[in-house]
Amino acid sequence: MSEKIIIAGDHAGYEMKEHVKTYLLQKGFDVVDASAPQLDPADDYPVFGFKVAKAIAKKEFERGILMCGTGIGISIAANRYRGVRAALCTSTELARMSREHNNANVLVMGGRTTTKKDAEAMVDTWLTTPFSGERHARRLGLLDEPPQQ
Ligand code: RB5
């Protein structure tokens with residue numbers, strides 16, 4: 001059975017989201033698109049970051065991909081959910097490190113700051129790089145226990 005991946009973008013990430021969706025479908029992934037049905041400038045990034053993060057936090061999906069204009073706002077939104085590790089990546093090196101060291105379960109990219117070619121390369125790297133485990137696992141555990149303010 002093919003892996004199910006949830007993706008979404010706000011209006012500024014919409015075009016890139018469409019591109020990544022087509023790319024994933026061509027590769028045989030089962031893609032669930034949590035974006036609005038069509039591009040709408042009123043589509044705000046927190047709404048879509050929360051939708052995908054909630055589905056990951058509830059373990060309905062193991063991995064997700066998010067896009068807004070820069071990737072910054074939507075990654076901030078997604079990371080508000082416990083258990084979600086959304087990594088804004090701008091290169092295949094960061095995509096690789098986000099998997100090896102951070103076990104990122106959401107890849108975030110900027111629709112206005114990333115080329116489609118770079119996005120494809122990051123998606124490929126991110127989806128195929130395993131978590132290194134060991135010392136990194138201890139650090140990930142600490143992420144879920146922030147000291148109370
Ligand atoms: C929308 O204009 C833009 O601010 C948003 O997509 C994102 O880049 C925010 O971080």
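Computed from a predicted structure; not experimentally measured. Whatever order the structure lists ligands and atoms in, that order sets their numbers, starting from 1.
Of the possible donor and acceptor atoms, none in the side chain of Arg85 sits under 3.5 Å from a partner among the backbone N and O of Val106.
For atom 4 (O) of ligand 1, the closest non-hydrogen atom on the protein side is Tyr45 CE2, 4.5 Å. Looking from atom 8 (O) of ligand 1 to the surrounding protein, the closest heavy atom is Thr70 N, 2.9 Å. Scanning the protein heavy atoms around atom 7 (C) of ligand 1, the nearest turns out to be Cys68 SG, 3.3 Å. Scanning all protein heavy atoms for the shortest distance to atom 3 (C) of ligand 1 gives Arg112 NH1, 4.3 Å.
Among Ile5, Asn105, Val52, Ile6, the one residue that satisfies the side chain to side chain contact (heavy atoms under 4.5 Å, CB included) test with Phe61 is Ile6. Checked against Met67 for a side chain to side chain contact (heavy atoms under 4.5 Å, CB included), the options Ile74, Leu107, Thr114, Val20 give a single hit: Val20.
In the hydrophobic clustering (ILVMFWY side chains linked at under 4.5 Å, chained through shared members), Leu143 is joined by Phe131, Leu140.
Residue contacts with ligand 1: Gly73 is placed with a nitrogen or oxygen under 3.5 Å of a nitrogen or oxygen of the ligand (distance criterion only).
Arg63 places a side-chain heavy atom less than 4.5 Å from the side chain of Trp126. Here the side chains of Phe29 and Leu127 are in contact, with some heavy-atom distance below 4.5 Å.
Cation-pi check for Lys17 over Tyr14 is met; the charged atom lies under 6.0 angstrom from the ring centroid and within 45 degrees of its normal.
Each of the following atoms of ligand 1 lies closer than 4.0 Å to a heavy atom of Gly69: 5 (C), 6 (O), 7 (C), 8 (O). Per-residue contacts place His11 under 4.0 angstrom from the following atoms of ligand 1 (heavy atoms of the residue considered): 1 (C), 2 (O). Heavy-atom contacts of Ala12 reach the following atoms of ligand 1: 6 (O) (cutoff under 4.0 Å).
Contacts of Asp10 with ligand 1, taken as heavy-atom pairs under 4.0 Å, involve the side chain alone.
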